[in-house]
Each structure stands twice: as structure tokens, then as C-alpha cells.
Engineer: 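The structure's right below; bear with me while I get my questions together.
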Amino acid sequence: MKLVTWNVNSLKVRLPQVLQWLSENPVDVLCLQETKLTDDKFPAAEIEAAGYHVVFTGQKTYNGVAILSKHPMSEIVKNNPRFEDEQQRFIAATIEGMRVVCAYIPNGQSVGSDKYQYKLRWLEALHDWLADELKVHENLALLGDYNIAPEDRDVHDPVAWQGQVLVSELERAAFQRLIGLGFKDSFRLFEQPEKIYTWWDYRMMAFRRNMGLRIDHILLSLPLAARCTACIVDKVPRKWEQPSDHTPVIATVE
DNA sequence: ATGGCATAGTTCCTATGA
């Protein structure tokens, strides 16, 4: 099973790239974030025509998540039942006996802001829901844009970023609390090259200069991690014309 | 010290992202 997460920064703009990427990279599950589409405008027919089932929950302008799957999906949950949220950032489905959660964790804007507090509350509620969900689904995968770089080696310039949102202590502690439930960061199960990132600012020629952060992750519950044979970041779509600022992360589970 | 790009909607500027 190949599981993928990709923040597409508007599926309206990026649908051709998603379909192109899928035609070159057939996968079992693709979790999308920042679709920025209300459900009535979601391109379900085009995605189904490409051979994928799809579930989604969205809103206009901001947020929005979707799961594309080669296999049928059941037990669909939209929004964390433990968190009252107007923002559409969470969707879960059971696929081939695996519980798949697609999350667009809040950005947090700046440390100490209202949005930062919202981010921490959101993470706390995610933690609590996952704790219950793991009791029912030992095969659980949490894919998404976490908006957290877990360690300094996930940051192109740790000194410049020190203490900033996306790398602050409380955010990193929240990430470790998720890990503590019984997950592995699939990317770190394997020897990886240095300076691998999943997001680069559109400005400052950041991609060309590899000024990035690794903030998109695939966490696997321990039984799934034991079956994981690879996790890679595919930089190719970030080189295309009019790219998303994020690029796909792919985990393989045998 | 700031903004630098991209997206979407309230457009022909503003808010937001990371």
C-alpha cells in the first residue's frame, strides 16, 4: 500500500497536477489538504474518472481536506468529534482495514497569537481522539500538513527559525505527544539524505535555494510502522509550472 | 527592518498562509 499526503494549496488550481501526478505515481491513498473548495464545487467526477474513490469536506477560500483511494472507504468521519470547529481540517476513513486520518493542522500564524492557541487546542483534541481511536484501530495512519517541523534537522536555518511558529517548543512537544501515543514518523524509520523538506516559501527563490521546512508527515501506528518499507519526499511536482508550495510525501506499507 | 509569492474573495485591495 502506498499512502501519500500532499497540501495542494487550492485543488481548483492544482487538479490537473494532481491527476498528472497520479497517472505517473499510482498510489492506494492520497490525502489532500487546502482544497479551498466547498463540497458543491469539489471535482469528484474528474477524480472518480481517474479511478479513485473520494471523500471530502471543504469550505471556500481556506482549509478543506480530501481522501482519494483506489479501494472503497467506510466509517467516514468529518471533523474531530472531540473538537467543535467551523474550519474543515479533518477527515478520516477506513480503507482495507486501515484507519486513515487526513489532517490539515492549523498554521498558528505567530507564537502567542489567538491562532497559535487554536493550533495547540486543535492538537490537544487530535491527541485525545487518536488515543480512543487507537483502541479500536491498531492499524492507524495519520497523514497531513502538521505545520510543525519536529526537529532542527527539519529546518533549513534553525537559528533564523528558532522559537518561531512551526518550530516552537510547545508545537514540537505536541508533536511528540502524538508520537507518544504509539506512532512512528515514517520518514525517520529510514536513513535519509540531509536537508529534505516538504515546503518552500514561494518567495525569495526559496525552492531553488532549498530554504525549506519538513512539515508534512505520515505517522504510522506501531503495527503499521513494522510493515513500512519506505518513506520518501517527491520533489518533482514542486518543480512544475504553477506548483503548490508543498510537495508529496509517500510511505509504502507492505 | 521589511517584504519578497500565490490564492481567493470582499476584487483592482485585503487577508491569509508558513
Side-chain angles (χ1 to χ4, degrees), chain A residues 5-18 21 31-43 56-66 85-90 102-123 126 143-175 187 195-217 233 235 237-249:
Chain A
T5 183
W6 191 6
N7 178 325
V8 290
N9 187 18
S10 169
L11 186 58
K12 182 183 174 187
V13 173
R14 229 68 66 192
L15 179 64
Q17 295 193 19
V18 170
W21 190 83
C31 294
L32 301 179
Q33 302 87 37
E34 284 209 86
T35 55
K36 299 187 179 180
L37 289 169
T38 50
D39 291 353
D40 58 306
K41 295 200 169 69
F42 193 91
F56 47 86
T57 182
Q59 62 188 91
K60 68 178 182 182
T61 314
Y62 305 117
N63 311 315
V65 286
D85 199 358
E86 289 177 8
Q87 304 186 23
Q88 302 305 307
R89 299 175 170 276
F90 175 107
C102 172
Y104 174 43
I105 292 170
N107 162 285
Q109 198 167 54
S110 61
V111 173
S113 66
D114 288 349
K115 288 176 181 172
Y116 183 77
Q117 298 304 331
Y118 166 73
K119 180 179 193 172
L120 295 177
R121 289 202 317 275
W122 206 96
L123 283 159
L126 177 64
L143 300 91
D145 175 358
Y146 288 61
N147 274 312
I148 300 171
E151 299 177 74
D152 279 354
R153 61 179 165 162
D154 301 312
V155 180
H156 69 93
D157 185 346
V159 174
W161 276 88
Q162 183 161 24
Q164 300 295 307
V165 75
L166 313 187
V167 310
S168 74
E169 273 184 37
L170 289 175
E171 290 164 89
R172 284 178 167 176
F175 185 86
F187 184 79
K195 303 184 192 312
I196 297 293
Y197 309 120
T198 65
W199 168 86
W200 300 262
D201 200 303
Y202 284 120
R203 299 166 291 188
M204 301 184 297
M205 296 183 292
F207 181 65
R208 217 163 74 184
R209 298 158 70 189
N210 199 27
M211 296 168 62
L213 302 176
R214 192 176 71 91
I215 55 177
D216 300 270
H217 308 294
V233 175
K235 281 176 76 169
R238 189 63 174 79
K239 301 173 185 174
W240 290 347
E241 287 292 313
Q242 204 178 9
S244 168
D245 43 358
H246 297 251
T247 209
V249 182

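All values below come from the heavy atoms of this structure, side chains included, with hydrogens, waters and symmetry mates left out. Just so it is clear: chains get the letters A, B, ... in the order the sequence lines come, proteins before strands, and each one is counted from 1.
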Engineer: Rounding to the closest angstrom, what is the interatomic distance between dT16(B) and dT11(B) at atom C1'?
Structural biologist: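 Looking at atom C1' only, dT16(B) and dT11(B) are 16 Å apart.
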Engineer: What is the separation between atom CD1 on Ile148(A) and atom P on dG17(B), rounded to the nearest whole Å?
Structural biologist: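 These atoms are roughly 15 Å apart.
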Engineer: Using atom C1' of each nucleotide, how far apart are dT10(B) and dA15(B) to the nearest Å?
Structural biologist: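 That atom pair is separated by 10 Å.
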Engineer: Give one of base, sugar-phosphate or nothing for Tyr197(A), where a contact means two heavy atoms less than 4.0 Å apart.
Structural biologist: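 Tyr197(A): no heavy atom of the nucleic acid under 4.0 Å.
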Engineer: Tell me which of Leu11(A) and Ile215(A) sits closer to the 5' end of DNA chain B, going by the nucleotide each one is nearest to.
Structural biologist: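 So the residue in question is Leu11(A).
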Engineer: Return the value, rounded to whole Å, for the distance between atom CG of Asn7(A) and atom P of dT7(B).
Structural biologist: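 Spelled out: CG on Asn7(A) to P on dT7(B) is 12 Å.
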Engineer: Is Asp114(A) close to Tyr118(A) at the side-chain level, that is, under 4.5 Å between some pair of heavy atoms?
Structural biologist: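 They are not in contact (no side-chain heavy atoms under 4.5 Å apart), so the answer is no.
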Engineer: Go through the structure and list residues passing salt bridge (charged side-chain N to carboxylate O under 4.0 Å, His left out) with Arg121(A), not counting sequence neighbours.
Structural biologist: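 Arg121(A): no salt bridge (charged side-chain N to carboxylate O under 4.0 Å, His left out) contacts found.
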Engineer: Between protein and nucleic acid, restricted to nucleotides 2-6 of chain B and to nitrogen or oxygen atoms under 3.5 Å apart, what atom pairs and distances do you find?
Structural biologist:
residue	atom	partner	partner atom	Å
dG4(B)	N7	Arg203(A)	NH1	3.1

Engineer: Find the distance Gln59(A):CD to dT7(B):P and express it as a whole number of Å.
Structural biologist: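 Spelled out: CD on Gln59(A) to P on dT7(B) is 18 Å.
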Engineer: Could you pull out all residues at least two apart from Trp199(A) that satisfy side-chain hydrogen bond (donor to acceptor under 3.5 Å, both in side chains)?
Structural biologist: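 With neighbours one apart ignored, the set is Asp245(A).
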Engineer: Apply the side-chain contact (heavy atoms from CB on, under 4.5 Å) test between Val167(A) and each candidate in Ile148(A), Val155(A), Val111(A); give the one that qualifies.
Structural biologist: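 Considering Ile148(A), Val155(A), Val111(A), a side-chain contact (heavy atoms from CB on, under 4.5 Å) with Val167(A) is found only for Val155(A).
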Engineer: Checking Asp154(A) now: which residues fulfil side-chain hydrogen bond (donor to acceptor under 3.5 Å, both in side chains) with it, not counting sequence neighbours?
Structural biologist: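 Counting only residues at least two positions away or on another chain, Asp154(A) forms a side-chain hydrogen bond (donor to acceptor under 3.5 Å, both in side chains) with Arg188(A), Arg214(A).
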Engineer: What is the distance from CG of Leu15(A) to P of dT7(B), rounded to the nearest Å?
Structural biologist: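 About 14 Å, once rounded to whole Å.
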Engineer: Nearest whole Å is fine: how far is dT7(B) C1' from Leu32(A) CG?
Structural biologist: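 Answer to the nearest Å: 17 Å.
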Engineer: Excluding sequence neighbours, so at least two apart, what forms side-chain hydrogen bond (donor to acceptor under 3.5 Å, both in side chains) with Asp152(A)?
Structural biologist: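 Checked Asp152(A) against side-chain hydrogen bond (donor to acceptor under 3.5 Å, both in side chains); matches are Arg172(A).
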Engineer: If I compare all heavy atoms of Val65(A) with all of Tyr104(A), which pair ends up nearest, and what's the gap?
Structural biologist: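 Smallest interatomic distance, heavy atoms only, reads CG1-CB, 3.9 Å.
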Engineer: Please name all residues satisfying side-chain hydrogen bond (donor to acceptor under 3.5 Å, both in side chains) with Asp39(A), sequence neighbours left out, ordered by chain then number.
Structural biologist: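 Once residues adjacent in sequence are excluded, Asp39(A) has no partner under the side-chain hydrogen bond (donor to acceptor under 3.5 Å, both in side chains) criterion.
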Engineer: Calculate the interatomic distance between Tyr104(A) atom OH and dG17(B) atom P; express it in whole Å.
Structural biologist: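 Spelled out: OH on Tyr104(A) to P on dG17(B) is 6 Å.
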Engineer: Taking atom P in both dC13(B) and dA1(B), compute the distance separating them and give it to the nearest angstrom.
Structural biologist: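 dC13(B) and dA1(B) have their P atoms separated by 30 Å.
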Engineer: Partners of Asp201(A) by salt bridge (charged side-chain N to carboxylate O under 4.0 Å, His left out), sequence neighbours excluded?
Structural biologist: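 Result, salt bridge (charged side-chain N to carboxylate O under 4.0 Å, His left out) vs Asp201(A): Arg203(A).
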Engineer: Starting at atom CG of Asp245(A), determine the distance to atom P of dA8(B), rounded to an integer number of angstrom.
Structural biologist: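 Value for this atom pair: 12 Å.
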Engineer: Please list each protein N or O that sits under 3.5 Å from an N or O in nucleotides 9-15 of chain B, with the distance.
Structural biologist:
none

Engineer: Could you work out, with side-chain contact (heavy atoms from CB on, under 4.5 Å) as the rule, every residue matching Gln242(A), not counting sequence neighbours?
Structural biologist: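 For Gln242(A), the residues satisfying side-chain contact (heavy atoms from CB on, under 4.5 Å) (neighbours in sequence not counted) are Val13(A), Arg14(A), Gln17(A).
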Engineer: Calculate the interatomic distance between Gln87(A) atom CD and dT16(B) atom C1'; express it in whole Å.
Structural biologist: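 Distance, rounded to whole Å: 11 Å.
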Engineer: When all nucleic acid strands are considered with a 4.0 Å heavy-atom cut-off, which category describes Asp216(A): base, sugar-phosphate, or nothing?
Structural biologist: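 Here Asp216(A) touches no strand at all.
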Engineer: I'd like the P distance from dC12(B) over to dT2(B), given in whole Å.
Structural biologist: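 Each nucleotide's P atom is 28 Å from the other's.
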